Enquirer: 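Please find one structure pasted underneath; my questions will follow.
Index from 1, following the sequence. All figures in this text were calculated on a predicted structure; none of them were measured in a lab.
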Amino acid sequence: MRMHRMTSATARHLRRGVLQAAVDAGAACTSIDIDAFFRIDGETDIEWAPRRTAALRTCAACPVRAACEELALRVGEGDPGADEIVRGGLTGPELAAARVAHAVRLAVAVDADRDTEGSQLDMLMAQRHVVATTSTERVRDGKRVPAAVVQQEHNVRIRSLSLQIAKVRTARRARAGWGVAA
């Protein structure tokens with residue numbers, strides 16, 4: 001599946017569930033050991049520097065870097081006095097500085113993320129989009145799976161997600177007074 005690059009402006013307007021789904025579906029680091037993005041206890045600056053550079057290089061080429069950065073900011077990652085992490089193309093001190101610069105916006109975003117039902121709805125819609133736009137080319141046990149079989153699996157998954165979306169929307173609308181007129 002080919003992901004389109006996500007801009008920072010787009011990432012800022014999305015809910016946590018959608019951001020997480022984008023990162024899960026398209027992050028460049030999915031095949032890399034997560035420890036590559038964290039400084040090892042007792043690791044010297046000289047040892048950490050090339051690993052940090054490699055991690056930053058991976059992030060720079062990532063189509064969902066902005067979503068990853070936004071998630072890191074929303075959960076409060078990064079410390080102004082400790083260069084121990086790379087996430088979303090930023091080091092720990094850079095994340096801390098960005099969090100301070102965007103404090104008001106992040107507070108609003110985190111508050112919106114607390115709408116768990118809304119976040120669930122966003123995540124379900126993002127998952128449905130990912131399934132709908134994923135290639136039908138598959139290999140299982142070294143053999144190519146016919147596109148029709150994969151498409152049928154996609155259709156089942158899309159129907160399931162659509163039913164879940166409808167259920168959440170109906171419940172939200174009923175609570176908001178959008179009930180069916182009698």
Side-chain angles (χ1 to χ4, degrees), residues 1-38 55 57-77 86-89 106 108-182:
M1 179 178 90
R2 184 168 178 244
M3 289 287 289
H4 295 288
R5 286 207 169 272
M6 181 179 291
T7 66
S8 295
T10 300
R12 287 182 187 124
H13 290 63
L14 297 175
R15 293 240 177 113
R16 182 171 172 48
V18 175
L19 293 168
Q20 190 64 58
V23 170
D24 292 346
C29 62
T30 56
S31 62
I32 299 172
D33 182 8
I34 193 71
D35 291 337
F37 296 86
F38 294 92
R57 196 172 309 121
T58 298
C59 292
C62 184
V64 293
R65 183 208 55 77
C68 186
E69 175 187 337
E70 183 67 15
L71 283 170
L73 293 173
R74 289 186 191 187
V75 298
E77 288 187 356
V86 170
R87 177 120 189 245
L106 288 170
V108 171
V110 168
D111 191 44
D113 289 342
R114 286 190 184 112
D115 173 10
T116 56
E117 196 173 50
S119 295
Q120 178 189 18
L121 186 59
D122 290 343
M123 188 168 43
L124 289 168
M125 290 190 306
Q127 288 173 353
R128 183 176 63 181
H129 176 75
V130 168
V131 173
T133 59
T134 300
S135 170
T136 58
E137 293 184 24
R138 293 282 185 274
V139 175
R140 288 187 191 136
D141 300 325
K143 295 181 182 177
R144 189 167 187 270
V145 178
V149 171
V150 176
Q151 186 63 54
Q152 184 178 11
E153 292 170 357
H154 280 192
N155 290 345
V156 168
R157 182 74 177 129
I158 289 168
R159 273 193 292 277
S160 172
L161 290 166
S162 294
L163 288 171
Q164 291 175 56
I165 290 166
K167 184 178 177 181
V168 172
R169 281 184 177 159
T170 300
R172 286 175 67 99
R173 288 175 179 162
R175 277 193 305 283
W178 292 19
V180 178

Enquirer: Write down the atom of Cys68, the atom of Gly88, and the distance for their closest heavy-atom approach.
Expert: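 Distance-wise, the nearest heavy atoms are SG-N, 3.6 Å.
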
Enquirer: For Cys62, is there any backbone N or O sitting under 3.5 Å from a side-chain donor or acceptor partner on Arg5?
Expert: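 A pair under 3.5 Å: yes.
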
Enquirer: Is there a donor-acceptor contact under 3.5 Å from the side chain of Ser162 to the main chain of Ile158?
Expert: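 Present.
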
Enquirer: More than 12 non-hydrogen atoms from neighbouring residues, nucleotides or ligands closer than 6.0 Å to NE2 on His154, yes or no?
Expert: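 Enclosed: over 12 neighbouring heavy atoms sit under 6.0 Å from NE2 of His154.
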
Enquirer: Would you call Val150 and Glu137 a side-chain contact if the rule is heavy atoms closer than 4.5 Å?
Expert: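 Sidechains of Glu137 and Val150: no contact.
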
Enquirer: Should Arg157 and Glu153 count as an ion pair when the cut-off is N to O under 4.0 Å?
Expert: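 No, this pair does not count.
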
Enquirer: With rounding to the nearest 0.5 angstrom, report the CD to CE distance, Gln164 to Met123.
Expert: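 If we round to the nearest 0.5 Å, Gln164:CD and Met123:CE are 9.5 Å apart.
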
Enquirer: Walk me through whether Glu77 and Leu73 qualify under side-chain contact (heavy atoms from CB on, under 4.5 Å).
Expert: CA-CA 6 Å; Glu77 288 187 356; Leu73 293 173; over 6 Å; no

Enquirer: Indicate the atoms forming the closest heavy-atom contact of Ala126 with Ala21, along with that distance.
Expert: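 Scanning both residues completely, I find the closest heavy atoms to be CB-CB, 3.8 Å.
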
Enquirer: Report the C-alpha distance between Val139 and Val145 in whole Å, list the side-chain angles of each, state the deciding distance to 0.1 Å, and finish with yes or no for side-chain contact (heavy atoms from CB on, under 4.5 Å).
Expert: CA-CA 6 Å; Val139 175; Val145 178; over 6 Å; no

Enquirer: Please check if the side chain of Asp141 supplies one atom and the backbone of Lys143 the other of a donor-acceptor pair under 3.5 Å.
Expert: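 No.
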
Enquirer: Within the supplied structure, the quantity of interest is the number of heavy atoms (other residues, nucleotides, ligands) at a distance under 6.0 Å from Gln152 CD; does it exceed 12?
Expert: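 Atom CD in Gln152 is not crowded, with 12 or fewer foreign heavy atoms closer than 6.0 Å.
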
Enquirer: Can you check whether Leu163 reaches Lys167 side chain to side chain, under 4.5 Å on heavy atoms?
Expert: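 The answer is no; the side chains never approach within 4.5 Å.
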
Enquirer: So, do Thr58 and Phe37 sit near enough that their side-chain heavy atoms are less than 4.5 Å apart?
Expert: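 Yes. Closest side-chain heavy atoms under 4.5 Å.
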
Enquirer: If you take all heavy atoms of Ala36 and Ile32, which pair is closest and at what distance?
Expert: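 That closest heavy-atom pairing would be CB-CG2, 3.9 Å.
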
Enquirer: Can you measure from CG (Asp24) to CG (Leu19) and round to the nearest 0.5 angstrom?
Expert: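 The CG atom of Asp24 sits 11.0 Å away from the CG atom of Leu19.
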
Enquirer: To the nearest 0.5 angstrom, please state how far the OG1 atom of Thr133 sits from the CZ atom of Arg128.
Expert: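 Output value for this atom pair is 11.5 Å.
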
Enquirer: Please name the pair of heavy atoms, one in Arg74 and one in Leu14, separated by the smallest distance, quoted to 0.1 Å.
Expert: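 Looks like NH2-O, 2.7 Å.
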
Enquirer: Does the side chain of Arg169 reach to within under 4.5 Å of the side chain of Met125, using non-hydrogen atoms?
Expert: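 They are in side-chain contact.
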
Enquirer: Side chains of Ser8 and Arg65: closer than 4.5 Å at any heavy-atom pair?
Expert: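 In contact.
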
Enquirer: What's the separation between atom CD1 in Ile165 and atom CD in Gln127, rounded to the nearest 0.5 Å?
Expert: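 With rounding to 0.5 Å, CD1 (Ile165) is 8.5 Å from CD (Gln127).
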
Enquirer: I need the minimum non-hydrogen distance between Ala11 and Glu70, along with the two atoms involved.
Expert: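 Nearest pair, atom of Ala11 first, then Glu70: O-CG, 3.7 Å.
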
Enquirer: Please report the closest heavy-atom contact between Met6 and Ala67, naming both atoms and the distance.
Expert: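 Shortest heavy-atom separation between Met6 and Ala67 comes out as SD-CB, 3.5 Å.
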
